[in-house]
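Written below as structure tokens is the structure these notes are about.
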Amino acid sequence: MKEPLFYRIIRPLVTFLIKMVFRPNYIGLENIPKSGRIILAGNHTNNFDSPLLLSCTKRVIHFLAKEELTKGILGPGFKAMGIIPVNRSIHDKGALNNAINTLKEDKVIGIFPEGTINKTKDIIMPFKIGAVKMASETDTQIVPFTITGKYKAFKKNITIEFYKPINIKSDDLTKENEKLMKFISKKLEEKRK
């Protein structure tokens, strides 16, 4: 898969705007490898989460995102950014296979395993199994991350923290998925204290 040129053009602009408007705190950026395949997986709080994640590395992140983004007036732009569209009404094996093939080319996948923005009062919603499944099938490490705070213009309220890469060590993907969810949930709870 050829790296999307549009992404390379847009990333510096998006990064500038995110840093200027939201003034995020970045912690643990050294945990994002500079090369090789990797999955970035964390909680989903807001539509700005993907641009925030994009601002964390110069590497191209191929986001798994709802297929609705590829339709309408903005659709061509999202496609040109190299997103992997997901049909959320089914277990979309095509999207999973596209993500696996992307990882086999030593690229970066960005995923929010909750599957949608968490609008509940729960600290985290149940994770879908895609992140651990693609990690297991491609022997790829997952770099967990947490996003905490609120997106408030010029307030420096938002923090994104990356943790050390983890390996999927078992064939029991349900158990591995639960471990990933519990790890991220625990980190979010620690930040609330």
Flag if over 12 foreign heavy atoms under 6.0 Å of CZ, Phe16: no
Salt-bridge present (Glu178, Lys175; N to O < 4.0 Å): no
At their closest point, which heavy atom of Thr120 faces which heavy atom of Asn118, and how far apart are they? OG1-OD1, 2.6 Å
How close do Ile166 and Leu180 get, counting heavy atoms only, and between which atoms? CD1-CD1, 3.8 Å
Counting distance only, does the side-chain N/O of Arg59 pair as donor-acceptor with the main-chain N or O of Pro33 below 3.5 Å? yes
Can you confirm whether Asn101 is buried at CG, in the sense that more than 12 heavy atoms of other residues, nucleotides or ligands lie under 6.0 Å from that atom? yes
Smallest heavy-atom separation, Gly28 atom then Phe162 atom, equals O-CB, 3.4 Å
Distance-only, no hydrogens or angles: does the Thr102 side chain make a donor-acceptor pair with backbone N or O of Asn98 under 3.5 Å? yes
Do the ring centers of Phe145 and Tyr163 come within less than 6.0 Å of each other? no
Parallel, tilted or perpendicular: ring planes of Phe112 versus His44, cut at 30 and 60 degrees: parallel
Would Leu64 and Ile109 count as a side-chain contact (heavy atoms from CB on, under 4.5 Å) if you check the C-alpha gap in whole Å, the side-chain angles of each, and the deciding distance to 0.1 Å? CA-CA 7 Å; Leu64 274 89; Ile109 291 288; 3.4 Å; yes
Determine the minimum heavy-atom distance between Ala131 and Ile142, stating which atoms define it. O-CD1, 3.9 Å
Tightest non-hydrogen contact, residues Ala95 and Ile84, listed as O-CG2, 3.7 Å
Between CG on residue Asn167 and OG1 on residue Thr140, distance to nearest 0.5 Å: 10.0 Å
Could you tell me whether the side chain of Ser136 and the main chain of Val132 form a donor-acceptor pair under 3.5 Å? no
With sequence neighbours left out, what residues match Lys133 under side chain to side chain donor-acceptor pair (under 3.5 Å)? Glu137
Rounded to the nearest 0.5 Å, what's the gap from OG on Ser55 to CG on Leu29? Could you check? 8.5 Å
